[in-house]
Number of protein chains: 2
Amino acid sequence: MATNTNGRTPPENATLADVAEHVGVSARTVSRVVNNQGGCTAETRDRILAAIDELGYRPNLMARGLSKRRSDTIGLVSIAMLDPFFPEFADGVERAASDLGRTMFLASTGGDRVRQLSALKSMVGHGVEGAIVFPAAHAVGDLVDFAAKEMPIIIVNDDVQGVRISSVSAEIQAGAEMAVNHLLRSGRKRVAALLDRDARNAPRPARRELGYRNALETKGFGPDQHLIIDVDNSLEGGRVGLDEALAQPNPPDALFAYNDLIAIGALQRALDRGISVPDDLAIVGFDDIEMCQAMTPMLTSVRIDRDQLGRVAVDMIRTLVEEGSVPSRRLPVELVVRASAP
Amino acid sequence: MATNTNGRTPPENATLADVAEHVGVSARTVSRVVNNQGGCTAETRDRILAAIDELGYRPNLMARGLSKRRSDTIGLVSIAMLDPFFPEFADGVERAASDLGRTMFLASTGGDRVRQLSALKSMVGHGVEGAIVFPAAHAVGDLVDFAAKEMPIIIVNDDVQGVRISSVSAEIQAGAEMAVNHLLRSGRKRVAALLDRDARNAPRPARRELGYRNALETKGFGPDQHLIIDVDNSLEGGRVGLDEALAQPNPPDALFAYNDLIAIGALQRALDRGISVPDDLAIVGFDDIEMCQAMTPMLTSVRIDRDQLGRVAVDMIRTLVEEGSVPSRRLPVELVVRASAP
DNA sequence: CTGAAAGCGCTTACAG
DNA sequence: CTGAAAGCGCTTACAG
């Protein structure tokens, strides 16, 4: 805040030129101290700093961005803010960005290609340094275009193969294997998977499905013993999935869910139906959202460090800007064993 | 995307001047059609549009912002993205903003005054049209300053009294009264409130506390029969609060919680301790997050339409920009009765 | 209906 | 260590 010893309100929107004039130096010099570029007497520097404070000078970031062709901002393009995965990830992005002095743009696409495109265009126009994006279905092509000629892009997702964009993700497949192995080792004989319908429709087999199948095969359960149920990515999807699983001729004694939301829906419906969890049915979720610990029984889940994922994404953007390329990264996951699948 | 009939990649970063030259008109005219300002032959217009497409022209929003002194963006400054209240609100803001052709900046302060200040400064620098902010504790003064001389601000919160900034909020106090009345009407004799410690420390008595006390007084329960327990705003806060409530000489048969997170924590701990909900203890939450419906028993809660709240906030920003002032608004809430407090 | 030109507030070679 | 000046890519009175 501007100190204001004489009671006048400070002039609004002082510019670099105003500061320069007030001190009696050129704008060049003021710009130097504002940007900490050194090369300036300590005394000049102090006088400029004092003037900045007195006039309440605050740089016009649009002007700076226009001349630097970059605005010290980064973009985050999500699919759904309501997905429980999102807030912690976004928080990691925001903090990492803010630590670098970057401000964050946020847009949500609902998985729609048109909205994704307009979000990206806007961000390019605003001179973002780079964008972190959860790709909308069937719209990775647009991302490739943007990444090629407009701005650095990091994809959050590892299901996109054969595409020349770096991505940050977690060891989803390994996590799925851990989960299923854990169920098998604890004596379960028939493990069903409740998978997100949309993710399953992706061009490439989703990682969770691969992990599920691998784990089963390794233990001698052939494809005829795999049971995959496609569900909506929601609590209700989990509920419906549970019903569908139990309607099978040979119903499962364990459930591996696409994420915690689905797992919680399934858990709830199981309890409603008087099924004992974990005695009659073990359940494992994915992500490890906080609500896993609010369930009775508490939900076993594969933990993704979403905060860390967000921070890494920002770091990758920076590397991409500085070096022109950056290797994709996959963070480890961790099986958190709780009462729903001990 | 630029159509590209001849196989050449379109030149990167075409400018208004490039388009103008390509068509053989002045930048002024191109600017007109880009901004739909009319006053231009349909034929000229079509040729310009074609050139824009061909050259892949996309306006430089920093340049536009610099000359208009406004960047067609709006800011959202939250306290915590991890608060379950946030995502749905932010989604409402984002959609409403996007419907108006605005892109959204997002910053999170953790309730810290310094971070709030730097978020606001950055947003001013980027020429946001206005900011929607969840005020950090004891930092409303900064908001008043910014609102007075920097940019339109809407506060999300109605606990800030006597301050010349418009706010958007919900009928919190009425909602609290509804909740407590409901408990009383259903025969409960002793209702405790689990309130957020931080909100209670606010300069003004929090709305939920007022509602709680009013409802009790109205039914003849004097202050000596009020039981308020300060807790952290978290699942764990709810758990600790439940224990503390039951440790009272005269333990409650009903709980009114500050929000669903706290209510869920309390519910969980109650079930853990073998207390029957709702038979021995009824519980009512606040906000009505989706997870209320995943509990067993499902949680009764006071619903705030957070999506709507976000949309209204954006609308208020627009009115504030256009008219110079806007009345504060308070949206209605609704008691959603479920099994935890039938 | 359209153009020439100034201006928005910075940064940045280029000089000195 | 510091300055004069061009340039970033738009918008917008002002003319015609």
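Only this structure's heavy atoms are used, side chains among them; waters, hydrogens and symmetry mates stay out.
Regarding B:I48, its CD1 atom lies at a distance of 13 Å from the P atom of C:dC1, rounded to whole Å. The interatomic distance linking B:R70 (CZ) with D:dT12 (P) rounds to 13 Å, in whole Å. A:E21 places its CD atom 15 Å from the C1' atom of D:dG3, with the value rounded to the nearest Å. Regarding B:Q37, its CD atom lies at a distance of 12 Å from the C1' atom of D:dA13, rounded to whole Å. Rounded to an integer number of Å, the gap from NZ of A:K68 to C1' of C:dG9 is 14 Å. In this structure, CG of B:N35 is placed 13 Å from C1' of D:dG9, rounded to the nearest angstrom. Atom CG of A:L16 and atom C1' of C:dC10 are 7 Å apart (whole Å). Between A:N36 atom CG and C:dT12 atom C1' the separation is 17 Å, expressed in whole Å.
Comparing atom distances between the A:N60 side chain and each of C:dC10, D:dT12, C:dG3 picks out C:dC10 as nearest. In this structure, the nucleotide among D:dG9, C:dG9, C:dG3 sitting nearest to the side chain of B:V25 is C:dG3. Side-chain proximity of B:R28 to the nucleotides D:dT11, C:dT2, D:dA13 is greatest for D:dA13. Closest to the side chain of B:S26, from the set C:dA4, D:dG9, C:dT12, is C:dA4. Taking the side chain of B:R32 as heavy atoms from C-beta on, and the options D:dA13, D:dC10, C:dT2, the nearest nucleotide is C:dT2. Distance from the side chain of A:Y57 is smallest to C:dC10 among D:dC10, D:dT12, C:dC10. Ranking D:dG9, D:dC10, C:dT2 by closeness to the B:L66 side chain, first place goes to D:dG9.
Between B:T44 and C:dC1 there is no side-chain polar atom (N or O) within less than 4.0 angstrom of OP1 or OP2. Taking side-chain N and O atoms only, B:S31 has a distance below 4.0 Å to OP1 or OP2 of D:dT11. The phosphate of D:dG7 has neither OP1 nor OP2 within less than 4.0 Å of any side-chain N or O from A:S67.
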- Query: Does the pair A:S167 and A:S169 meet the rule for a side-chain hydrogen bond (donor to acceptor under 3.5 Å, both in side chains), with working shown?
  - Reply: CA-CA 6 Å; A:S167 69; A:S169 58; 4.7 Å; no
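Remark: of the listed residues A:V156, A:V93, A:I132, A:V168, A:V168 is the sole one forming a side-chain contact (heavy atoms from CB on, under 4.5 Å) with A:V312.
The two atoms that bring A:I165 and A:I153 nearest to each other are CG2-O, 3.3 Å, heavy atoms only.
Ion pairing between a basic and an acidic side chain is recognised when a charged N comes within 4.0 Å of a carboxylate O; B:R95 and B:D91 show such pairing. Between A:D307 and A:R311 there is a salt bridge, since a side-chain N of the basic residue sits under 4.0 Å from a carboxylate O of the acidic one.
Checking C:dA4 for Watson-Crick or G-U wobble geometry (two distances, each under 3.5 Å) identifies no partner in any strand. Pairing for C:dA13 is absent, with no Watson-Crick or G-U wobble pair whose two atom distances lie under 3.5 Å.
For the pair A:Q116 (side chain) and A:A139 (backbone), a donor-acceptor distance under 3.5 Å is present.
Residue A:V34 is classed as having no contact, given no heavy-atom separation below 4.0 Å to the nucleic acid. Backbone-only contact: A:R64 has heavy atoms under 4.0 Å from sugar-phosphate atoms and none from a base.
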